[in-house]
Amino acid sequence: IGKIYALHNLGTVCLDTREYKKALSYFKQSLGLSKKYGHIESTIFNYKSISDLYKVSGNFEKSLKYYVRYNEVKDSVKTFETRKKVAELEGLYNYEQKGKELTKKNAELKQQKIQKNVFILGSIFLLFAFIIIYYAYRKKKKAEQELKEHHDNLEKLVKQRTKELD
């Protein structure tokens, strides 16, 4: 990459000293290396420098040709950067959406857990209430049975005493 810049700088010096053929040679060598190594930034400024050289030397047709290439490469870089930025933003948006979905699902799971616990506690409470009611019912039945037995015994006793008195 250093050689790309060195050749471009030599071309710039030759352009400033109006040695157009040498400048063009240096710019084209620099451009060739830029393309070979895929160095977009230097490809852009080499196209611009060659366009400027042809403009200064009066060859407007070639100047326009290289200026168009300069703009095409520059625009493709901007398009690439824009697409990259859009992709990054989409990724960030998707990440945030997943985070919101995860938060929502966690809240739903927490709510379901609470509902499950309330159901279990309610069931336990009802079971205890049922046991207490059943125990009270059996106690009442037992008391009624004892009372009935006591009542029957008293009746027998009253009948017996009544017979004895007669």
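Note: hydrogens, waters and symmetry copies are ignored here, and every other heavy atom, side chains too, is used.
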For this session: Kindly determine whether Val77 and Glu81 satisfy side-chain contact (heavy atoms from CB on, under 4.5 Å), including the steps that lead there.
Result: CA-CA 6 Å; Val77 168; Glu81 289 174 355; 3.5 Å; yes
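- Counting only distance, with no hydrogens or angles, the side chain of Ser42 and the backbone of Ser34 share no donor-acceptor pair below 3.5 Å.
- Ser51 places no side-chain N or O within 3.5 Å of a backbone atom of Tyr47 that could act as its donor or acceptor partner.
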For this session: Check step by step if side-chain contact (heavy atoms from CB on, under 4.5 Å) holds for Lys62 and Asn59.
Result: CA-CA 6 Å; Lys62 284 191 176 182; Asn59 191 339; 3.5 Å; yes
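- Atom CG of Asn94 and atom CD of Glu101 lie 9.5 Å apart (nearest 0.5 Å).
- Under a cutoff of 6.0 Å and an axis angle of 45°, Arg138 and Tyr135 do not form a cation-pi pair.
- Side-chain contact check for Asn153 versus Leu157: every heavy-atom pair is 4.5 Å or farther apart.
- Asp52 has a carboxylate O that lies under 4.0 Å from a charged side-chain N of Lys48, or vice versa, which qualifies the two as a salt bridge.
- Between Lys104 and Glu108, some side-chain heavy-atom pair lies under the 4.5 Å cut-off.
- In summary, of the residues considered (Asn9, Asn46, Thr12), a side chain to side chain donor-acceptor pair (under 3.5 Å) with Ser30 occurs for Asn46 alone.
- Contact annotation: the side chain of Cys14 approaches that of Tyr26 to within less than 4.5 Å [non-hydrogen atoms, C-beta and beyond].
- Between Phe130 and Tyr134, the angle of the ring planes stays under 30°, which puts this pair in the parallel group of the 30/60° scheme.
- Distance check: Tyr37 OH to Thr43 OG1 gives 13.0 Å after rounding to the nearest 0.5 Å.
- Here the straight-line distance linking atom NZ of Lys141 with atom NZ of Lys148 works out to 10.5 Å at 0.5 Å rounding.
- Taken from CG in Leu15 to CG in Leu10, the straight-line distance is 12.5 Å, to the nearest 0.5 Å.
- Follow the hydrophobic side-chain contacts under 4.5 Å out from Tyr67 and you reach Val56 in the same cluster.
- Leu31 and Tyr20 fall within a single hydrophobic cluster, where Ile, Leu, Val, Met, Phe, Trp and Tyr are joined by side-chain heavy atoms under 4.5 Å apart, directly or via other members.
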For this session: Under the side-chain contact (heavy atoms from CB on, under 4.5 Å) rule, what do Tyr70 and Glu72 come out as? Steps first, then yes or no, please.
Result: CA-CA 6 Å; Tyr70 156 76; Glu72 286 172 350; over 6 Å; no
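- Centroid-to-centroid, the aromatic rings of Phe125 and Phe128 stay 6.0 Å apart or farther.
- A donor-acceptor pair is defined here as one N or O able to donate and one able to accept, closer than 3.5 Å; such a pair exists between the side chain of Ser57 and the backbone of Leu53.
- Aromatic pair Tyr54/Phe60: ring centres not closer than 6.0 Å.
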Problem set entry | Worked verdict on Ile40 versus Ile44 for side-chain contact (heavy atoms from CB on, under 4.5 Å) | CA-CA 6 Å; Ile40 302 294; Ile44 292 170; 4.0 Å; yes
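- Side-chain atoms of Lys156 and Gln160, non-hydrogen and from C-beta on, never get closer than 4.5 Å to each other.
- Closest of all the heavy-atom pairs between Ile4 and His39 is CD1-CB, 4.3 Å.
- Taking CG from Leu126 and CZ from Phe119, the interatomic distance works out to 9.0 Å, rounded to the nearest 0.5 Å.
- Note that the CZ atom of Arg69 and the CD1 atom of Ile50 stand 8.5 Å from one another [nearest 0.5 Å].
- Phe27 meets the ring pair (Phe, Tyr, Trp, His ring centres under 6.0 Å) test with His8; sequence neighbours excluded.
- Side-chain atoms of Ser25 never come within 3.5 Å of backbone atoms of Lys21 as a donor-acceptor pair (strictly under, hydrogens ignored).
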